[in-house]
**Q** 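What follows is a single structure, and I will ask about it in a moment.
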Amino acid sequence: MHRLSWLHKFLLLVFLGLWLSFAGAQTAAPSLMLAHVWRKDLPLQDYWVSEKYDGVRGYWNGRQLISRGGVPIAAPAWFTAGWPGTPMDGELWAGRGQFGHAQSTTAQAQPDDAAWRKMCYMVFDMPAAGGSFDQRLPVLQSTVRTINQSWVQAVEQRKLASDAELQQWLAQVVKGGGEGLMLHKGRAPYRSGRSDDLLKLKPFEDAEARVIGYKPGRGQWEGMTGSLLVQSPDGRQFALGSGLTAELRKSPPALGSWVTYRYQGLHEKSGLPRFARFMRVRNEPGFEPEK
């Protein structure tokens, strides 16, 4: 009996240690500013326009980089050395068309120094600076100049005069391999949640869904995955097969994982995405879809 009691105590201590390790790895998820989709009825002159960088959202809380979900991002010490004690909001980016590198690099528990040498931190806001975005922007630019590191860059912000200029820049960015544009209202404070203070403009719509099952393949895909059965954050379920590579059909994303898909509007009756096409698996630390 005494022996069993000792064993119970030992197992309890092991469990407690594991729980404390996990709890210590989590921090509170940052209250981030999120984007609506750009609409032509909005006054373009009220907004600053920048490229939308296809990377991993990284929030510097003044001590460490954390993901959108509140998970610490294990960047090398040199990457964040000399950064300010005030928050910065930005994108950990590896270049156009290099989302996979950004995602795999930021997901590693032990930082790969060589991989991080290819990363940039594209700063687009200073959440605690106060005032409007018009007022926060020069603070951001001054902060980045003070940091004086080539991998830390202030996102270029432009004022555009017309929708024609907006569409022209969008076409230029997309042709060069970029994802789209962001529009930030100049007089807006930094506030969490989704609003017209921050907007995105892309040539397609995209969203995330969780993998909940698989449908078997037919014909050339016999014996492999024909499509993923996925569920959107609001509970809608649909099959996602278009865009899956042969490799993914042989070894599909795990159940419970999040995937990004492109689509062209929603069906009026069902509300399901039209022409949904698989883009990629989301496995960056603490990823949760925007709501």
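Computed from a predicted structure; not experimentally measured. Hydrogens, waters and symmetry mates are skipped; everything else that's a heavy atom, side chains included, is used.
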**Q** List the steps, then state whether side chain to side chain contact (heavy atoms under 4.5 Å, CB included) holds for Leu32 with Arg68.
**A** CA-CA 8 Å; Leu32 300 178; Arg68 191 170 72 190; 3.5 Å; yes
**Q** One pair to check against side chain to side chain contact (heavy atoms under 4.5 Å, CB included): Thr225 and Lys215. What are the steps and the verdict?
**A** CA-CA 6 Å; Thr225 298; Lys215 291 190 173 184; over 6 Å; no
**Q** Quick one, Lys52 and Leu181 - any side-chain contact, counting heavy atoms below 4.5 Å?
**A**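 Of all side-chain heavy-atom pairs linking Leu181 with Lys52, none is under 4.5 Å.
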**Q** Return the minimal non-hydrogen interatomic distance between Tyr121 and Gly58, and the atom names on each side.
**A**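 Smallest interatomic distance, heavy atoms only, reads OH-O, 2.8 Å.
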**Q** Would you say Met182 ends up clustered with Val155 if hydrophobic residues are merged whenever their side chains have heavy atoms under 4.5 Å apart, either directly or through other cluster members?
**A**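 Different hydrophobic clusters.
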**Q** Are any of the side-chain heavy atoms of Leu170 and Leu166 separated by less than 4.5 Å?
**A**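 Not in contact.
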**Q** What verdict does the side chain to side chain contact (heavy atoms under 4.5 Å, CB included) test give for Asp125 and Arg136, after you've listed the backbone C-alpha separation in whole Å, the side-chain angles of each residue and the deciding distance to 0.1 Å?
**A** CA-CA 7 Å; Asp125 214 330; Arg136 297 194 305 277; 2.7 Å; yes
**Q** Under a single-linkage definition using a 4.5 Å side-chain heavy-atom cutoff for Ile, Leu, Val, Met, Phe, Trp and Tyr, are Val174 and Val49 assigned to the same hydrophobic cluster?
**A**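 Shared cluster, yes.
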**Q** Rounded at 0.5 Å granularity, tell me how far CG in Leu240 sits from CZ in Arg262.
**A**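 Taking CG in Leu240 and CZ in Arg262, the distance rounds to 12.5 Å.
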**Q** Checking Glu165 side chain against Ser162 main chain: does a donor-acceptor pair fall under 3.5 Å?
**A**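 It does not hold such a pair.
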**Q** Show, in sequence, the C-alpha distance, side-chain angles and deciding distance for Thr80 and Arg63, and conclude whether the side chain to side chain contact (heavy atoms under 4.5 Å, CB included) test is met.
**A** CA-CA 9 Å; Thr80 60; Arg63 301 178 306 279; over 6 Å; no
**Q** Under a 3.5 Å distance rule, please check whether Ser142 uses its side chain to pair with a backbone N or O of Pro138 as donor and acceptor.
**A**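 No; judged by distance alone, with no hydrogens or angles, the pair does not exist.
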**Q** Roughly how far, to the nearest 0.5 Å, is the NZ atom of Lys200 from the NE2 atom of His184?
**A**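 Separation between the atoms: 14.5 Å.
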**Q** Would Phe238 and Tyr261 count as a ring-ring contact (aromatic ring centres under 6.0 Å, His included) if you check the C-alpha gap in whole Å, the side-chain angles of each, and the deciding distance to 0.1 Å?
**A** CA-CA 12 Å; Phe238 57 96; Tyr261 62 94; 5.2 Å; yes
**Q** Could you check whether Asp196 pairs with Lys185 (Lys NZ or Arg NE/NH1/NH2 to Asp/Glu carboxylate O, under 4.0 Å)?
**A**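 No.
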**Q** Return the minimal non-hydrogen interatomic distance between Ala102 and Gly55, and the atom names on each side.
**A**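 Closest pair (atom of Ala102, atom of Gly55, distance): CB-CA, 4.4 Å.
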**Q** Using ring pair (Phe, Tyr, Trp, His ring centres under 6.0 Å) as the criterion, list what pairs up with Trp169, not counting sequence neighbours.
**A**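 Partners of Trp169 by the ring pair (Phe, Tyr, Trp, His ring centres under 6.0 Å) criterion come out as none, since no residue qualifies.
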**Q** Measure centre to centre between the rings of Trp151 and Trp93, then say whether the value is under 6.0 Å.
**A**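 Not close enough - the centres of the two rings lie 6.0 Å or further apart.
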**Q** Throw together a table of side-chain donor-acceptor distances under 3.5 angstrom for residues 270-278, partners on residues two or more places apart or in other chains.
**A**
residue	atom	partner	partner atom	Å
Ser270	OG	Leu272	N	3.2
Arg274	NH1	Gln264	O	2.8
Arg277	NH1	Ser242	OG	3.0

**Q** Check whether any side-chain N or O of Arg210 sits under 3.5 Å from a backbone N or O of Val230 as a donor-acceptor pair, and report yes or no.
**A**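 Answer holds: no.
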**Q** Check whether any side-chain heavy atom of Ile73 lies under 4.5 Å from a side-chain heavy atom of Leu92, and answer yes or no.
**A**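 Yes, side chains in contact.
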**Q** Hey, are the side chains of Trp60 and Asp89 touching, using non-hydrogen atoms and a 4.5 Å cut-off?
**A**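 Not in contact.
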**Q** Under 4.0 Å between a Lys/Arg side-chain N and an Asp/Glu carboxylate O for Arg187 and Asp134?
**A**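 Judged by the 4.0 Å cut-off on N to carboxylate O distance, Arg187 and Asp134 do not form a salt bridge.
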**Q** I'd like to check Leu248 versus Pro253 (side-chain heavy atoms, cut-off strictly below 4.5 Å). Are they in contact?
**A**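 A side-chain contact exists here, since the closest heavy-atom pair is under 4.5 Å.
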**Q** Is it possible for you to say whether Met33 and Tyr47 belong to one hydrophobic cluster, with membership spreading through side-chain heavy-atom contacts below 4.5 Å?
**A**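 Looking at the clustering, Tyr47 is in a separate group from Met33.
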**Q** Hydrophobic clustering (ILVMFWY, side-chain heavy atoms < 4.5 Å, transitive) - are Leu65 and Val152 grouped together?
**A**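 As far as the 4.5 Å side-chain criterion goes, Leu65 and Val152 are connected within one cluster.
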**Q** What distance do Asp112 atom CG and Gln110 atom CD have between them, rounded to the nearest 0.5 Å?
**A**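 Interatomic distance, Asp112 CG to Gln110 CD, rounded to 0.5 Å: 11.0 Å.
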**Q** Keeping the roles fixed (side chain from Gln135, backbone from Gly130), state whether a donor-acceptor pair exists under 3.5 Å.
**A**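 No; judged by distance alone, with no hydrogens or angles, the pair does not exist.
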**Q** State whether the side chain of His101 and the backbone N or O of Ala115 hold a donor-acceptor pair below 3.5 Å, judged by distance alone.
**A**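 Yes, the answer is positive, given that a donor and an acceptor are paired below the 3.5 Å cut-off.
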**Q** Show the nearest heavy-atom pair for residues Gly226 and Leu244, with the distance to one decimal.
**A**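 Where Gly226 meets Leu244 most closely, the heavy atoms are O-CD1, 4.2 Å.
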**Q** Does atom NZ of Lys202 have more than 12 heavy-atom neighbours from other groups under 6.0 Å away?
**A**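 More than 12 within 6.0 Å, yes.
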**Q** Taking the inter-plane angle between the rings of Phe79 and Trp116 on a 0 to 90° scale, is it parallel (under 30°), tilted (30 to 60°) or perpendicular (over 60°)?
**A**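 Rings of Phe79 and Trp116: perpendicular, over 60°.
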**Q** Starting from Trp83, can I reach Trp78 by hopping between I/L/V/M/F/W/Y residues whose side chains sit under 4.5 Å apart?
**A**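 Yes, Trp78 and Trp83 fall within the same hydrophobic cluster.
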**Q** With a 4.5 Å heavy-atom cut-off, do Val71 and Ser67 have their side chains touching?
**A**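 Of all side-chain heavy-atom pairs linking Ser67 with Val71, at least one is under 4.5 Å.
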**Q** I'd like to know if the side chain of Gln108 and the backbone of Ala75 have a donor-acceptor N/O pair within less than 3.5 Å.
**A**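 Such a contact is absent between Gln108 side chain and Ala75 backbone.
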**Q** Would you say CD of Gln168 has more than 12 non-hydrogen atoms from neighbouring residues, nucleotides or ligands within 6.0 angstrom?
**A**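 No, CD of Gln168 has 12 or fewer neighbouring heavy atoms, counting only those of other groups under 6.0 Å.
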**Q** Work out which heavy atom in Ser132 is nearest to a heavy atom in Gly186; give both atom names and the distance.
**A**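 Answer, listing the atom of Ser132 first, then Gly186: CB-O, 3.3 Å.
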**Q** About how many Å separate CG of Leu198 and CG of Leu183, when rounded to the nearest 0.5 Å?
**A**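 Atom-to-atom, Leu183:CG and Leu198:CG are 8.5 Å apart.
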**Q** Would you give the length of the straight line joining atom CZ of Phe133 to atom CE of Met126, rounded to the nearest 0.5 angstrom?
**A**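 Between atom CZ of Phe133 and atom CE of Met126 there are 11.5 Å.
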**Q** Please report the C-alpha distance between Arg96 and Glu51 in whole Å, then the side-chain angles of each, then the deciding distance to 0.1 Å, and finally whether the salt bridge (charged side-chain N to carboxylate O under 4.0 Å, His left out) criterion is met.
**A** CA-CA 11 Å; Arg96 290 176 174 174; Glu51 179 172 344; 3.0 Å; yes
**Q** Quick one: closest heavy-atom pair of Pro111 and Ala74, and the distance?
**A**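 Minimum heavy-atom separation between Pro111 and Ala74: CB-O, 3.1 Å.
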**Q** Mind checking whether Ile66 and Pro30 have side chains closer than 4.5 Å, heavy atoms only?
**A**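 A side-chain contact under 4.5 Å exists here.
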**Q** Could Glu91 and Arg57 be called an ion pair, given the rule that one side-chain N must be under 4.0 Å from one carboxylate O?
**A**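 Result for this pair is no, no salt bridge flagged.
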**Q** Can you tell me how far the CG atom of Asp46 sits from the CG atom of Leu42, to the nearest 0.5 Å?
**A**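 Going from the CG atom of Asp46 to the CG atom of Leu42 covers 8.5 Å.
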**Q** Looking only at side-chain N and O atoms, does Tyr190 offer a donor or acceptor that is under 3.5 Å from a partner on Asp197?
**A**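 No, no side-chain donor-acceptor contact under 3.5 Å.
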**Q** Is it the case that the side chain of Arg249 and the backbone of Met224 share a donor-acceptor pair, with hydrogens and angles ignored and the cut-off at 3.5 Å?
**A**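 Answer holds: no.
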**Q** Could Arg282 and Trp258 be counted as a cation-pi pair, given that NZ or CZ must be under 6.0 Å from the ring centre and within 45° of the axis?
**A**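 Arg282 over Trp258 ring: no.
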**Q** Establish, for the pair Lys159 and Trp48, whether the NZ or CZ atom is under 6.0 angstrom from the six-membered ring centre and no further than 45 degrees off its axis.
**A**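 Yes, cation above the ring, under 6.0 Å and within 45°.
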**Q** Would you say Arg280 and Phe99 make side-chain contact, with heavy atoms under 4.5 Å?
**A**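 In contact.
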**Q** Under 3.5 Å, is there a donor on one side chain and an acceptor on the other for Glu156 and Ser50?
**A**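 Per modelled atom types, Glu156 and Ser50 side chains form no pair under 3.5 Å.
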